[in-house]
Each structure stands twice: as C-alpha cells, then as structure tokens.
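Below: one structure, written as structure tokens.
Bear in mind the structure is a predicted one, so any value in this text is a computation, not a measurement. Residue numbers start at 1 and run along the sequence shown.
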Amino acid sequence: MDIDPQQLREQAIAVLDNNWNGRFTKPAPSLYPHQWNWDAGFIAIGNAHHNLERAMADLRHLFSGQWANGMLPQIVFGDDPNARYFPGPDFWQGHRSAHAPQRPATSGISMPPVHGFVLWRLYELAADKNAARAFLKEMYPKVMALHRYLYTYRDPHEEGLVYIRHPWEGGTDNSPIWDAALARMAIDPDALPPYERKDLQNPKAAAHRPTQQDYDRYVYLVDLFRKCDYEDDAIFKACPFLIQDPLFNGVLSWSNEALIQIGSLLGEDIAEPLQWHELTIWAMNDKLWDEERGLYNAYDLYHDELIPVHTSSGLMPLCGQVPDQEQAERMLQVLESSMFGGTDQSVWLCPTYSLLAQDVDYQKYWRGPVWINLNWLLYQGLMRYDMADMAQRVKQHSLELMARYGFYEYFDPRADAPGEQGCGTDRFSWSAALCIDWLAEG
Ligand code: 2M8
C-alpha cells in the first residue's frame with residue numbers, strides 16, 4: 001500500500017491536538033481521560049518534532065505528580081468532572097501515603113521508566129539546544145530520583161533487577177506473563193471493596209478488555225497497597241505479585257544509559273547511573289536470559305521461579321542493548337520464526353504473544369495484538385544491532401496499519417483477519433506520536 005506521509009503526519013498531529021486538554025495529553029479521548037505515565041513519554045517524542053513546548057509541558061505535568069520518595073505514578077489525574085475512569089483518585093486514596101503530593105491526585109503505583117531515553121530524544125530533536133539543555137537540567141534530578149526509588153525499594157536483593165507489584169505497573173495489563181501469579185492469588189471476591197468498572201462502557205473496547213477475574217485481582221492489589229499506606233517495605237512483605245519483567249527492566253536499562261549521556265552533558269557525577277546500568281545488564285543476562293528459547297524471561301520473586309512464556313516482552317531488552325550480538329541474533333531468529341511470524345506475509349508485526357501459544361487471542365488487548373509502542377521499542381532495538389531489514393519491516397507494518405485503519409490502540413496481527421483490524425479505542429495518542437517519529441526519518 002502506498003502511504004501518503006504528509007497526510008498521515010497531519011492526521012497524527014490532529015490526534016495529539018485533539019487529546020491535548022491545555023495541561024496534558026490524554027492517551028485517548030474518552031477511555032483514558034487522565035494522564036498516564038509511559039504514554040506521556042511516547043507522546044512527548046511525537047510532539048517534540050513539531051511542538052517542543054507541548055512535549056515539555058506534558059512531561060512537567062507528569063512529574064508534578066512525582067512522590068517525595070521518587071515514585072512516579074502510573075496516573076496523574078486531571079480534574080475534568082466528566083471524566084469516567086475506574087479506579088479514580090477516591091479509590092486510590094493516595095493521601096494515605098506520606099510521600100504523595102497534595103495535588104495533583106495520583107495513583108499509587110508506577111510504570112516502565114521511559115523518561116530517561118525520552119529526554120535524550122527530545123534533546124537530540126531540539127533545534128534550540130540551549131532551551132533543551134535547560135530542560136534536561138530541570139528534569140535530570142527528577143528522573144534520577146525515580147531510578148533511585150526503583151533501585152532502593154524495588155530491588156530487595158540488590159541484584160540490579162527491579163520488580164513490579166501490579167500488572168498495571170508493567171503496562172501490559174493482561175499479558176500472559178502475569179497469569180500464573182494472578183491465578184495463585186487466593187482472593188475472596190466478597191471481601192473486595194465494591195467497585196464499578198467504567199472501561200466496559202466503551203463498546204468497541206469492551207470485548208477485548210481484561211476479564212472480571214483479572215479486575216478482581218487488580219482491585220485486591222490496590223486495596224492491599226492502600227492498607228499498607230503505600231509503604232514499600234510493608235507492601236513487599238504482603239504482596240503476592242512481585243515480578244521482574246524483561247520489558248520493564250529493558251526500558252530501565254535504556255533509560256539508565258540515557259541518564260549517563262545526560263549527566264555527562266550536564267557535567268554531573270555519573271557514577272550512580274553507571275553502576276545501575278552495568279548491574280542491570282549483567283543481572284538480566286545472568287538471571288532472565290533464556291539461551292534455549294532465545295529471549296528474556298520474567299521472574300516471579302514471590303514464588304521464586306522463572307515465567308517461561310513467549311511474549312514479545314522477552315524481545316524488548318534489545319532496545320536497551322542488553323544482549324550481546326550473538327544473543328541478539330538468536331532473538332532475531334525467534335522473531336522470524338512462526339512464533340512471531342516475522343517473515344510470514346499473513347502476519348502484521350509484531351504480535352505481543354506467540355502465535356503458536358494455545359491461548360493466543362488476536363484481539364484481546366495484551367494477549368496477542370500488535371501494539372505500536374512495543375513495535376517502536378523493538379524497531380529501536382533492532383536498529384541498534386544493525387538489523388535494519390527486520391527493523392524496517394516492523395516500521396513499515398506499523399505505518400501501514402495506521403494508514404489503513406487509523407490510530408488505533410492495538411491491531412489484530414492476522415493480515416487476513418475477518419472484520420476490523422483496528423481494536424480498542426481510536427485516536428490513540430501514542431500510536432499517533434510514534435507514527436510522527438517514524439515518518440520524520442523518511
Ligand atoms: C492501559 O492500562 C490502563 C491501566 O493503567 C487501563 O487498562 O485502564 C495499558 O494499555 C497501559 O499500558 C496504558 O498506559 C494505559 C493508557 O493508555 O492503558
């Protein structure tokens with residue numbers, strides 16, 4: 001299909017403009033009416049091409065919700081009275097924490113730390129390097145505080161691997177990676193605080209959203225965190241969901257690297273990020289790398305066992321240049337295999353879950369569909385290893401999906417799928433933003 005880059009770019013910019021509410025960019029017009037953590041990072045990369053001020057404003061707004069202990073929340077709530085989202089600030093009860101800011105209201109968990117590499121990208125793209133440098137100077141201590149929080153409170157064995165304590169922290173909400181840990185959580189649904197989902201009101205997304213059993217567990221965990229007043233040590237002792245995720249730690253590695261670059265540029269002492277960087281890369285290769293399967297596993301710290309499922313999260317450490325060249329070549333083979341369909345004409349790259357898995361679901365959220373942000377991370381990773389052919393394939397598929405079907409939240413990976421290929425909400429900000437970034441490369 002011939003893509004009209006100029007037209008696609010204009011459409012993408014219109015999506016971002018439409019989702020900008022004057023203070024931050026929403027991930028989508030109605031399904032996600034507040035500001036989300038890693039969304040803000042991807043959105044800033046898109047805006048940086050034509051509106052650096054907006055990119056900076058979004059990140060400033062996000063970090064206005066940073067907690068005093070460095071934790072950067074998954075959601076920073078806006079104050080639109082018509083916003084319909086569960087769980088809102090009343091459910092999170094962030095005020096129970098001694099660390100949460102008075103305002104804005106926030107959730108009490110975090111998300112993959114993309115901000116380091118996002119900042120570096122903003123600097124690279126900026127025409128006015130002085131303004132961009134000043135912004136780096138403003139943001140560097142905040143991102144350092146976030147990473148310090150992660151290494152202090154989320155790496156209990158000081159091994160260089162950070163754990164997440166809720167599927168929402170991973171960003172891949174209902175990924176098969178979490179299934180076993182969630183299934184083993186014995187919860188009494190009658191003892192849960194009452195709640196009403198709002199996500200099911202979106203008719204197109206409802207069929208693909210996480211199940212009620214999933215939501216019961218999401219809510220159980222939030223309730224547990226509230227009861228612990230969001231104290232990290234107490235949560236670590238009580239929480240049955242503690243997972244070291246390769247996507248989260250791969251992104252962390254890339255951002256560590258960016259902090260080294262930013263710190264060097266600003267003349268800071270970079271000993272701390274250097275140490276994080278080396279340790280995390282070493283630990284990922286030592287503990288999470290799976291030579292036989294050719295990708296990185298997640299590790300369940302609570303049950304003390306590897307989680308060997310074939311999701312594309314296991315390929316994401318490429319973006320942080322975690323594997324060496326030989327490992328990366330193994331990963332490429334996996335991507336090319338029928339698992340992810342890399343050379344198959346009937347597959348849109350890259351499915352989030354192995355197409356050979358018994359329970360792959362082509363339209364169910366993070367259990368099979370193509371997501372543009374993961375494609376973008378994969379593309380960046382492949383480029384770092386000079387795997388330009390496959391990288392271009394991932395890029396081309398992503399652009400074509402968006403040109404054909406619109407800026408959807410996720411896409412059915414089967415090129416010959418019956419019905420609609422664009423899934424979830426339309427006019428999804430990070431799809432539009434990363435499209436702009438790709439188009440700028442030509
Ligand atoms: C999705 O997650 C939120 C909870 O954080 C939800 O389902 O309500 C995920 O796709 C997540 O990665 C994303 O950041 C968020 C907003 O786009 O939506």
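There is no side-chain donor-acceptor pair under 3.5 Å between Ser398 and Trp438. Side-chain contact annotation: Gln74 with Ser107, donor-acceptor N/O pair under 3.5 Å present. There is no side-chain donor-acceptor pair under 3.5 Å between Tyr32 and Asn202. A donor atom on one side chain and an acceptor atom on the other are found under 3.5 Å apart for Asn285 and Gln327. With 3.5 Å as the limit, one finds a donor-acceptor pair spanning the side chains of Glu441 and Tyr379. Between the side chains of Asn375 and His397, no donor-acceptor pair of N or O atoms lies under 3.5 Å. Side-chain contact of Asp233 with Tyr153: a donor-acceptor pair under 3.5 Å is absent, judged by distance alone. Between Arg330 and Gln333, the side chains place a donor N or O and an acceptor N or O closer than 3.5 Å (distance only, hydrogens not considered). Side-chain polar atoms of Asp359 and Tyr353 form a donor-acceptor pair below 3.5 angstrom. For Arg209 and Tyr365, the side-chain atoms include at least one donor-acceptor pair closer than 3.5 Å. A donor and an acceptor atom, one from each side chain of Tyr195 and Asp216, are located under 3.5 Å apart. With hydrogens and angles left out, the side-chain atoms of Thr25 and Asp58 include a donor and acceptor closer than 3.5 Å. Judged by distance alone, the side chains of Tyr149 and Gln66 never bring a donor and an acceptor atom under 3.5 Å apart.
Atom CD of Gln244 and atom OH of Tyr163 lie 10.0 Å apart (nearest 0.5 Å). Rounded to the nearest 0.5 Å, atoms CG (Asp214) and CG (Asp179) are 7.5 Å apart. Taking CD of Glu420 as the reference point, atom CD of Gln363 lies at 8.5 Å (rounded to 0.5 Å). Note that the OG atom of Ser30 and the CZ atom of Arg427 stand 7.5 Å from one another [nearest 0.5 Å]. Rounding to the nearest 0.5 Å places CG of Leu259 at 10.5 Å from CD1 of Ile270. Trp366 CH2 to His208 NE2: the interatomic distance, rounded to the nearest 0.5 Å, is 15.0 Å.
The residues Asp416 and Arg414 are annotated as not salt-bridged, no charged nitrogen and carboxylate oxygen being separated by less than 4.0 angstrom. For Glu257 and Arg384, the salt-bridge test passes: some basic side-chain N is under 4.0 Å from an acidic carboxylate O. Look at Lys26 and Asp39 and you find no salt bridge, because none of the NZ, NE, NH1 or NH2 atoms lies under 4.0 Å from a carboxylate O. With salt bridges taken as basic N to acidic carboxylate O contacts below 4.0 Å, one links Arg293 and Asp290. For Arg367 and Asp361, the salt-bridge test fails: no basic side-chain N is under 4.0 Å from an acidic carboxylate O. The existence of a salt bridge linking Asp232 and Arg154 is confirmed by a sub-4.0 Å separation between a basic side-chain nitrogen and an acidic carboxylate oxygen.
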Does the pair Arg184 and Glu305 meet the rule for a salt bridge (charged side-chain N to carboxylate O under 4.0 Å, His left out), with working shown? CA-CA 13 Å; Arg184 281 150 125 179; Glu305 63 190 25; 2.7 Å; yes
So Gln421 and Trp348, side chain to side chain donor-acceptor pair (under 3.5 Å) or not? Walk me through it. CA-CA 10 Å; Gln421 309 248 295; Trp348 292 112; 2.9 Å; yes
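Proximity of the aromatic rings of Tyr215 and Tyr218 is defined here by a centroid distance below 6.0 angstrom, and this criterion is met. Between Trp430 and Trp376, the distance from one ring center to the other does not fall under 6.0 angstrom. The aromatic ring centroids of Trp36 and Tyr85 lie less than 6.0 Å from each other. Taking the six-membered ring wherever Trp is involved, the centroid distance between the rings of Phe24 and His34 does not fall below 6.0 Å.
For Thr106 (side chain) and Ile75 (main-chain N/O), no donor-acceptor pair under 3.5 Å exists by modelled atom type. Looking only at distances, no side-chain donor or acceptor of Ser253 sits under 3.5 Å from a matching main-chain atom of Gly320.
Side-chain contact check for Thr172 versus Leu247: some heavy-atom pair is nearer than 4.5 Å.
Evaluated for a side-chain contact (heavy atoms from CB on, under 4.5 Å) with Leu59, the options Met139, Arg54, Lys142 yield exactly one hit, Met139.
Here the shortest heavy-atom pairing between Arg9 and Leu439 reads N-CD1, 3.7 Å. Taking all atoms of both residues into account, the shortest heavy-atom contact from Pro240 to Leu221 is CD-CD2, 4.1 Å. Of all the heavy atoms in Ser313 and Pro317, the pair that sits closest is O-CD, 3.5 Å.
Atom CD of Gln275 has 12 or fewer heavy atoms from other residues, nucleotides or ligands within 6.0 Å.
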